[in-house]
**Q** 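This is the structure I want to talk about, given as structure tokens.
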Amino acid sequence: RKGAERIQEVTDIGDIEEWIAQRLNDFEVGGESQTRVLRDGRIVYCSDGRSNDGGYIGTRTDISDLKLAEQELQDSENRFRRLFDTAEVSIWDEDFSQIAKEFETLGQKGVTDLANYLTENPEEAFRLATLVQITSVNEATLKLYGSDNGEDFIDRLSEIMTEETIKVFVGVLCAMWNRDDYFRTEATHKTFDGREITIFMSFPIPENVSDW
């Protein structure tokens with residue numbers, strides 16, 4: 001009870017008697033860890049339980065800096081999402097991590113010239129294309145290609161794949177294989193309603209393979 005009164009001075013624990021009963025139960029049977037916001041703004045991670053010799057152990061860790069960093073990261077992600085969603089140009093968010101693994105395998109097989117390899121094995125380009133995961137597209141993309149929503153666009157993407165689309169994809173793969181800084185190209189794409197559009201594609205290639 002004296003401990004509860006001391007804690008009450010730095011953070012609002014509500015009803016003291018209820019808090020004491022809950023803490024005794026946590027020490028006896030083990031309760032869920034929790035975070036508390038102190039009156040001075042610090043955030044503390046609390047964990048309590050029994051020790052192997054029958055004693056009681058309570059730990060308190062100041063995680064204020066961690067929580068601040070998490071909030072700043074969340075704010076940054078929210079700003080990026082707003083920019084992504086409202087941009088007037090078509091933006092695709094794609095995951096090429098499986099391609100990175102395939103590149104490693106091809107290198108182990110002795111492939112040194114990817115362009116030549118894909119020319120001799122065109123079916124490989126189509127196989128590699130299936131390994132790229134499109135995680136999201138913005139509203140400008142949906143409007144450009146005539147799709148209702150992101151899920152519909154991703155599910156129906158194969159409908160607008162053409163030979164030229166695959167050629168562009170091979171160009172992307174070769175740029176990544178050669179560790180180019182950027183990939184740029186102009187190409188003809190097909191929309192879901194059958195129209196042909198000319199697009200200019202441009203994006204940086206991450207230096208670290210882990211970022212693909």
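Below, all heavy atoms of this structure are taken into account, side chains as well, without hydrogens, waters or symmetry copies.
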**Q** List the residues meeting salt bridge (charged side-chain N to carboxylate O under 4.0 Å, His left out) with Glu159, not counting sequence neighbours, and say none if there are none.
**A**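 Partners of Glu159 by the salt bridge (charged side-chain N to carboxylate O under 4.0 Å, His left out) criterion, ordered by chain and then number, come out as Arg156.
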**Q** Compute whether any side-chain donor of one residue and acceptor of the other, for Ser210 and Asn208, lie under 3.5 angstrom apart.
**A** no
**Q** Who pairs with Glu70 by salt bridge (charged side-chain N to carboxylate O under 4.0 Å, His left out), at least two apart in sequence or on another chain?
**A**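 So Glu70 forms a salt bridge (charged side-chain N to carboxylate O under 4.0 Å, His left out) with Lys67.
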**Q** On the 0 to 90° scale, with breaks at 30° and 60°, tag the Tyr145-Phe153 ring pair as parallel, tilted or perpendicular.
**A** perpendicular
**Q** List in chain and number order the residues that pass side-chain contact (heavy atoms from CB on, under 4.5 Å) with Ser97, two or more places apart in sequence or in another chain; answer none if no residue qualifies.
**A** Asp95
**Q** If the condition is salt bridge (charged side-chain N to carboxylate O under 4.0 Å, His left out), which residues does Arg60 pass it with, not counting sequence neighbours?
**A** Asp48
**Q** Work out which heavy atom in Leu118 is nearest to a heavy atom in Val170; give both atom names and the distance.
**A**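 Residues Leu118 and Val170, closest heavy atoms: CD1-CG1, 3.9 Å.
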**Q** Go through the structure and list residues passing side-chain contact (heavy atoms from CB on, under 4.5 Å) with Ile154, not counting sequence neighbours.
**A**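 Once residues adjacent in sequence are excluded, the partners of Ile154 under the side-chain contact (heavy atoms from CB on, under 4.5 Å) criterion are Ile134.
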**Q** Atom CG in Asp152, atom OG in Ser147: separation rounded to 0.5 Å?
**A**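 Answer for the CG-OG pair, Asp152 versus Ser147, is 4.0 Å.
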**Q** Can you list the residues that meet the salt bridge (charged side-chain N to carboxylate O under 4.0 Å, His left out) rule with Glu102, with sequence neighbours excluded?
**A**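 Applying salt bridge (charged side-chain N to carboxylate O under 4.0 Å, His left out) to Glu102 gives Arg127.
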**Q** Aromatic rings Phe203 and Phe183: how do their planes relate, parallel, tilted or perpendicular, breaks at 30° and 60°?
**A** tilted
**Q** For the residue pair Tyr182 / Ser202, report whether a side-chain donor-acceptor contact shorter than 3.5 Å exists.
**A**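 Distance-only check fails for Ser202 and Tyr182.
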**Q** Under 4.0 Å between a side-chain nitrogen and a carboxylate oxygen: does that hold for Glu17 and Arg1?
**A** yes
